[in-house]
Amino acid sequence: MAASSRAQVLRLYRALLRESQRFSGYNYRCRSSRRTYAIRRIRDAFRENKSIKDSEKIEELVNKAKENLEIIHRQVTIGQMYATQKLVIESPGNT
Amino acid sequence: MPAGPAGGSPLPAAALGGGAANAGRGGRSGYGRAAARPPTAPDGRLTRLTRLALSAGPRGDGDGAGAGALRPLYLDVQATTPLDPRVLDRMLPYLTGCYGNPHSRTHAYGWESEAATERARRQVADLIGADPREIIFTSGATESNNMAIKGVARFYKSRKKHIITTQTEHKCVLDSCRSLEAEGFQITYLPVQKNGLIDLKELEAAFQPDTSLVSVMAVNNEIGVKQPIRDIGEICRARKVFFHTDAAQAIGKIPVDVNDLKIDLMSISGHKIYGPKGVGAIYVRRRPRVRLEPLQSGGGQERGLRSGTVPTPLAVGLGAACEVAQEEMEYDHKRISQLAERLVTKIMSEVPDVVMNGDREHRYPGCINLSFAYVEGESLLMALKDVALSSGSACTSASLEPSYVLRAIGADEDLAHSSIRFGIGRFTTEEEIDYTVQKCIQHVKRLREMSPLWEMVQDGIDLKSIKWSQH
């Protein structure tokens, strides 16, 4: 099994961030809690693991990231189906 | 609304009509206003149908926020927490296609549900350092508390009739003890010091030869203090008395190991750790063996201790929540501590006469209870209508009495009435904290301006020296 290349990891990273941007509804949208959480968590997790050299460990992390990408994709869709109103903090008058 | 294909289906037109009517009332479905890229799905038409017909979120029909109103920020995580998306994802298969009863031994539906339930059991056990056989699923921490207290008391009642607990326990613990008193048991309710912690010497002095159980909660849900669980465990183990702890607010937030802390029974709640409501668990030690008289009779499920079909989707949710909590504990704790520091520092630097209830050091950072002198708690809560907060715990919020926990720590009557509990959780953002702080400072100042008591204090009058005249 070929080790995950740097390009592949970066592709995954961008895909995860892009998918998380699509969280909508209560606590998902714009500056809202759960979207913010997903984006921040993804960035911090990749940053934390960026100097790992062991290829087996990298493979494990990449697989976990792929799983998470699929989870986010599904939950983004469900969140959009059952969206609620925006939070007070998302209205421009309330910044 | 983006136009659908002219596929001849009546649905888009009807929904469009419905949407237009709704728009007149301020657009009840927030989804309609979300100008997002339409969600991509393998079947394009299903996506449009989804948007038009199924944008079915709770619409606030007269209950709650009302049509078109923006939702408040949520800072009440001690009351309950939102479902982590990772938890919901794990639960959904068992709410859709995999619906078997885990106790059905004869077919694949049963086997697959049982496998999922046992996997969840292992996840819960791993979080607390227990063996899966020591985890029993229940309907929540209230049931677990009832089971632990009444179950142990009644099993050993021929020789042991005394139980020790504290005055700041959750209502279900106190109420269980009260009902045991009616059965002829004797209960010692230990007082707490001003900082909310029990005095270990008082605990030691309270033991009697016929004490069967000590019950002390790990993290208090109103003021966030952490009791000295390790020390209590040592004391109980030395005297061979069972130690139960209600760890609903502690699990998944601070490390809890039942062997390290010498805990014999523990209550776990699903909806406090980003899991589903309606499920919890109780840890019952097997070595040395803790015996319980079961509360619920039936088919003997859960080792005979809790009969009834184990709700697989909920159990799976609890297991997933525990697993996620274990992975995220350190990360969450660090973030929540920073946000808590930010909130408290900002408020206290801008506003004088604010008291933090509960020990400053021995606490879980995500539960902050502040008393604002010369401001009435209810008015402040109502003024902060854009933030979901509470004063006192959810179970007692209907009554006008100040919280018994605050009374137990010796808070002044008027300070007890002015307390607000801020809850910071995994999903709380810095922005939400800053907004809350700003509104809090603004309204405390405004309410104080209107208060004659505040005026008198500013003039240097000691309020306690005032002789209020009778009418």
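Each chain gets a letter, A, B and so on, in the order its sequence line appears, and its residues count up from 1.
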> What pairs of residues pass the salt bridge (charged side-chain N to carboxylate O under 4.0 Å, His left out) test when at least one of them lies in residues 67-80 of chain A, not counting sequence neighbours?
Replying inline: A:Arg74-B:Asp89
>> Can you tell me which portion of A:Ile78 sits under 4.5 Å from chain B's heavy atoms? Options are side chain, backbone, both or neither.
In response: side chain
> Is B:Glu430 salt-bridged to A:Arg40, cutoff N-O under 4.0 Å?
Replying inline: no
> Say you draw a straight line from CZ of B:Arg335 to CG of A:Asp44; how long is it, rounded to the nearest 0.5 Å?
Replying inline: 9.0 Å
> At a heavy-atom separation under 4.5 Å, does B:Arg90 approach chain A through its side chain, its backbone, both, or neither?
Replying inline: neither
> Once you round to the nearest 0.5 Å, how far does CG of A:Leu87 lie from CD of B:Glu431?
Replying inline: 10.0 Å
> Going from OH on A:Tyr37 to CD on B:Glu328, what distance comes out if it is rounded to the nearest 0.5 angstrom?
Replying inline: 3.5 Å
>> Can you tell me how far apart CD (A:Gln75) and CG (B:Asp84) are? Round to the nearest 0.5 Å.
In response: 9.0 Å
